[in-house]
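Here is the structure we will look at, set down as structure tokens.
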2 protein chains.
Amino acid sequence: MARHSILDSLNETLRKETLDKVRAMQFPPGQILFSAGQHCQGLPLVIGGRVKVQMTGISGHSIVLYRMGVDDICTLSIGCLMTGRPYRAEAVVEEDARALMIPRGVFDRLMDQSAAFRLGIMESYGRRLDDLMLLVEEVAFRRMDTRLEEWLLARANGGSVVITHQELAVELGTAREVVSRLLKELERRDMVKLSRGKIQVTGLLESSAQL
Amino acid sequence: MARHSILDSLNETLRKETLDKVRAMQFPPGQILFSAGQHCQGLPLVIGGRVKVQMTGISGHSIVLYRMGVDDICTLSIGCLMTGRPYRAEAVVEEDARALMIPRGVFDRLMDQSAAFRLGIMESYGRRLDDLMLLVEEVAFRRMDTRLEEWLLARANGGSVVITHQELAVELGTAREVVSRLLKELERRDMVKLSRGKIQVTGLLESSAQL
DNA sequence: GGGTTGAATGTGACTTTATCACTGAAGTCC
DNA sequence: GGACTTCAGTGATAAAGTCACATTCAACCC
């Protein structure tokens, strides 16, 4: 059955009550969980699949902020839920995602009655802040070529990645042309093989991999 | 007396107990509240002055992430307090700062017993996430010249700012030389007057001010 | 199969930003 | 009034972003 570790820490009664009022939902790839400007309906606890959270600036450019996977909590929703402000970012399903939607009332109740639940929420917040701080540093100071290599290495596993240059540009927060040129250069150095919508990683050194 | 709005929402007993166990502290400009790698001792509630939070990346460059002022809560500390992880950033006092330090036990108790306190904490978290998301967008996509102009406008109030080019570079997350050149260009256009450690803002248009 | 279409990719030219390596200028401290 | 330190200016070059357009590929339709 649908489970999320933050619910495991609840006592029997509370868990039963919660599971009773929670909606289990399923989303296909490409589905948009929420987008900028929308208001939050409930707190999603991710129990499977993968969801990317990205934002589009006034400039019209987009950048991926972070990802959610199994056992994650949608941190952004918490703030929107409690303050009533709309989302500033957008969440897009990458791999068939399943989530438990916790309605506002239940969330309040859990925060009130379970220290373990509170800890889980706080941890999630802390992790997100950390993610974003690292991202700021990355975007502000690190070179695009090394970031690109690291990104490829991190998700190719010696194999290949199915992605367009445009999507990759959004991952890194840069322009498509920049990605195209850097990839071409990597191809010249026999580190990748390019084809339409797909990148085969052949000779990137593990040594350059950091996160 | 020392007051923080998040404590105002507590009931009489809880507030008395809290104020009893809280340490009021004072910090002069330049003082470092905490630095990267340190462990968190308690949650600071800022009740006066101004503190900037900045981080230094592996590259050795620094960037200012956000500021705290009256009635702010040091969001970063919450995560470090609850998870036991060390700080990743550094907090430096800019204007004589006063804060109430809430020890861990009291924090846990407040989270447990006051819905209003919880809401305050969550709001603070939400604001911080927002700040950082905006910063990411800013750093990734916006032009340095407009960011510089906006920064000057936001804190000059038609007067002048006491700051070195190096410090300004850290504010914007760029290199000192870049700031120097952009400022020189602004001077040529009669929009600022430069002197050692000080920038007089004379003719920047309000129209370019956002945030 | 040949043609049409739209998305994906390649690239030149140019601007902006970052980096490196200096030089000079302005304050501070004996 | 030097000696030192911090701050600021600048040329040369590299990296990254922008704009405009050319090319290529895959899919779809007769």
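A, B, ... follow the sequence lines: proteins, then strands. Residue 1 opens every chain. Quick note: numbers below take in every heavy atom, side chains included, and nothing from hydrogens, waters or symmetry partners.
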Nucleotide of [options] approaching [X] most closely (side-chain heavy atoms):
X: A:E177; options: C:dT19, D:dC19, C:dT9; result: D:dC19
X: A:L182; options: D:dT18, C:dT9, D:dA16; result: D:dA16
X: A:T164; options: D:dA8, C:dT11, C:dA8; result: C:dA8
X: A:K184; options: C:dG10, D:dA16, C:dA18; result: C:dG10

Does this structure show an ion pair linking B:D108 with B:R104, if we count only N-O contacts that are shorter than 4.0 Å?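 Yes.
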When you check the phosphate oxygens OP1 and OP2 of [N], does a side-chain N or O of [X] lie under 4.0 Å from one of them?
X: B:H61; N: C:dT19; value: yes
X: B:H165; N: D:dT6; value: no
X: B:T174; N: C:dA18; value: yes

What is the distance, to the nearest angstrom, from the [atom1] atom on [X] to the [atom2] atom on [N]?
X: B:Q166; N: C:dT19; atom1: CD; atom2: C1'; answer: 14 Å
X: A:D145; N: C:dT19; atom1: CG; atom2: C1'; answer: 14 Å
X: A:L194; N: C:dG10; atom1: CG; atom2: C1'; answer: 11 Å
X: B:L168; N: D:dC7; atom1: CG; atom2: P; answer: 13 Å
X: B:R142; N: D:dG17; atom1: CZ; atom2: P; answer: 16 Å
X: B:M144; N: D:dA15; atom1: CE; atom2: C1'; answer: 14 Å
X: B:F141; N: C:dT16; atom1: CZ; atom2: P; answer: 19 Å
X: B:E187; N: D:dA8; atom1: CD; atom2: P; answer: 12 Å

Polar atom pairs (N or O), protein with nucleotides 22-29 of chain C, under 3.5 Å:
from	atom 1	to	atom 2	distance (Å)
C:dA26	O4'	B:R196	NH1	3.2
C:dA26	N3	B:R196	NH2	3.3

Any chance you could measure B:Q38, atom CD, to B:R88, atom CZ, to the nearest 0.5 Å?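 Going from CD on B:Q38 over to CZ on B:R88, the span is 15.0 Å.
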Donor-acceptor pair present, B:R181 side chain and D:dG11 base, under 3.5 Å: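 Under the 3.5 Å cut-off, the side chain and the base do form a donor-acceptor pair.
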With no hydrogens and no angle check, is any side-chain donor or acceptor of [X] less than 3.5 Å from a backbone partner on [Y]?
X: B:S124; Y: B:G120; answer: no
X: A:R118; Y: A:M111; answer: yes
X: A:H39; Y: A:G84; answer: yes

Residue whose nearest DNA chain C nucleotide is more 5′ - A:L183 or B:G173: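 This one resolves to A:L183.
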Honestly, is A:R155 close enough over A:W151, meaning NZ or CZ under 6.0 Å from the six-membered ring centre and within 45° of the axis?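 Yes, A:R155 lies over the aromatic ring of A:W151.
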Has A:R128 got its NZ or CZ under 6.0 Å from the middle of the six-membered ring of A:Y66, at an angle within 45 degrees of the ring axis?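 So A:R128 does make the cation-pi contact.
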